[in-house]
Amino acid sequence: MLRQRVLTAALLIPLVVFGILYLDNRVFASLFAAVILVGAFEMARLANLEGLATIAVFVLAVAGLLWLTWWSLRAPHLVIVLWGMAIWWLATTVALLARRRELRRVHQPRPSVLLLGSLVLVTAWVSIVRLHAAPAEGPVWVLCLFLLIWVADSGAYFAGRAFGNAKLSPFVSPGKTWAGAAGAMAGALVFAGLLWFSGIGSSASLAGLLLLCLLVTAVSIGGDLWESRLKREAGVKDSGSLLPGHGGVLDRIASLLAAAPVFALGFGLIGGGL
């Protein structure tokens, strides 16, 4: 399993980095939209939709929302949406960490998951695409977001394996530990410091970058927990099987879906502009 994870990551990471830094914003938006639509397909299955035609309708609806968002959502309205999603993700993270009741298997279709899932997918997409188009080194900041998530995930993995005993949210995701969360936060602090000393984050104070990276990492953990809840209620281990060793697309981008609106909002607050 670990070997498969490493091989898949070794293939994907250079492609992701190249796409972020060198693709035109429209091309980048289109390719990322394709990833989001695969995520929508998996989200429909987690919501217990049955039949390829029914799932296709949901995926097409998400595609239509992406198209409408691209053409109609302007900066002032985008900031309002980002604030709303950031507050929702913070509240969801706290609620999932505090949950102390067993999750039950749900067999019937779940419209609430479809509604929330489409909102999560579309806002993450527009956050990253608009950040990528930002005049102040937008692609570099998008790469910083991805790197932050990767560093936090690595910190959580190694700290969890070395020191993990106390469960972070035992009824939602038994594999996650408080030690892993601490490792993720430590990785975020180191990354924020490197970002500031490198000069990339020079428009912000060191304290501002530290706070932003900590908040983004916290909600990224919430994104993982939210997807874990959906999977446990759907009775599946992974959202899909597209990525060997990693599961589905949602399994790989769950933390990014939560982190993106918070990071994009923070980028605007420190003077980047969207």
Side-chain angles (χ1 to χ4, degrees), residues 16-17 19-21 23-33 35-36 39 62 65-93 116-153 188 191-192 195-196 200-205 207-224 226 252-274:
V16 171
V17 172
I20 292 171
L21 293 180
L23 291 181
D24 173 77
N25 183 248
R26 287 178 178 270
V27 177
F28 173 79
S30 299
L31 291 176
F32 189 43
V35 174
I36 291 294
V62 173
L65 288 174
L66 294 178
W67 184 83
L68 286 173
T69 302
W70 172 267
W71 289 108
S72 62
L73 194 59
R74 296 294 176 258
H77 304 102
L78 176 59
V79 171
I80 295 173
V81 171
L82 293 182
W83 271 109
M85 286 306 300
I87 292 170
W88 183 82
W89 274 119
L90 286 169
T92 297
T93 300
L116 274 174
S118 59
L119 184 62
V120 164
L121 290 167
V122 171
T123 52
W125 177 81
V126 72
S127 299
I128 292 175
V129 169
R130 290 296 176 87
L131 181 60
H132 188 268
E137 298 181 314
V140 173
W141 281 97
V142 172
L143 181 58
C144 287
L145 169 59
F146 278 70
L147 289 174
L148 173 60
I149 297 300
W150 295 340
V151 168
D153 283 347
F191 181 80
L195 193 63
W196 190 77
I200 296 175
S202 58
S203 61
S205 66
L209 277 176
L210 291 172
L211 179 60
L212 175 61
C213 289
L214 286 175
L215 282 174
V216 169
T217 301
V219 296
S220 75
I221 294 171
D224 276 334
W226 186 68
R252 273 300 359 122
I253 67 170
S255 55
L256 181 66
L257 294 178
V262 178
F263 189 87
L265 181 62
F267 174 79
L269 291 175
I270 64 176
L274 290 175

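For this chain, numbers begin at 1 and follow the sequence in order.
In this structure, W226 and V120 have side chains that are in contact, with non-hydrogen atoms separated by less than 4.5 Å. Counting only heavy atoms from C-beta outward, the side chains of M85 and L265 never approach each other to under 4.5 Å. Annotation: side chain of W70 is in contact with side chain of R26 (closest heavy-atom distance under 4.5 Å).
With sequence neighbours excluded, the residues satisfying side-chain contact (heavy atoms from CB on, under 4.5 Å) with V16 are I20, F146, W150.
Expressed to the nearest 0.5 Å, how far NE2 of H77 lies from CG of L82 amounts to 13.0 Å. Taking OG1 from T123 and CG from L78, the interatomic distance works out to 9.5 Å, rounded to the nearest 0.5 Å. Taken to the nearest 0.5 Å, the CZ atom of F191 stands 9.5 Å off from the OG1 atom of T217. Going from atom CD1 of I36 over to atom CH2 of W125 covers 9.0 Å, rounded to the nearest 0.5 Å.
Nearest approach of L121 to G39, heavy atoms of both residues: CD1-C, 4.2 Å. Annotation for D224 and A254: closest pair OD1-CB, 3.6 Å, computed over non-hydrogen atoms. Counting all heavy atoms, side chain and backbone alike, I200 lies closest to W141 at O-CZ2, 3.5 Å. Closest of all the heavy-atom pairs between P261 and S127 is CA-OG, 3.5 Å. Of all heavy-atom pairs spanning G266 and L212, the tightest one is CA-CD1, 3.7 Å. When all heavy atoms of A259 and L145 are compared, the pair lying nearest together is CB-CD1, 4.1 Å.
Considering V142, I128, V27 in turn, I128 is the only one that fulfils the side-chain contact (heavy atoms from CB on, under 4.5 Å) rule with F32.
A donor-acceptor pair is defined here as one N or O able to donate and one able to accept, closer than 3.5 Å; such a pair exists between the side chain of N25 and the backbone of V129. Judged by distance alone, the side chain of W89 and the main-chain N or O of S220 form no donor-acceptor pair under 3.5 Å.
Residue pairs meeting the salt bridge (Lys or Arg N to Asp or Glu O under 4.0 Å) criterion with at least one partner in residues 137-153, sequence neighbours excluded, are D153-R252.
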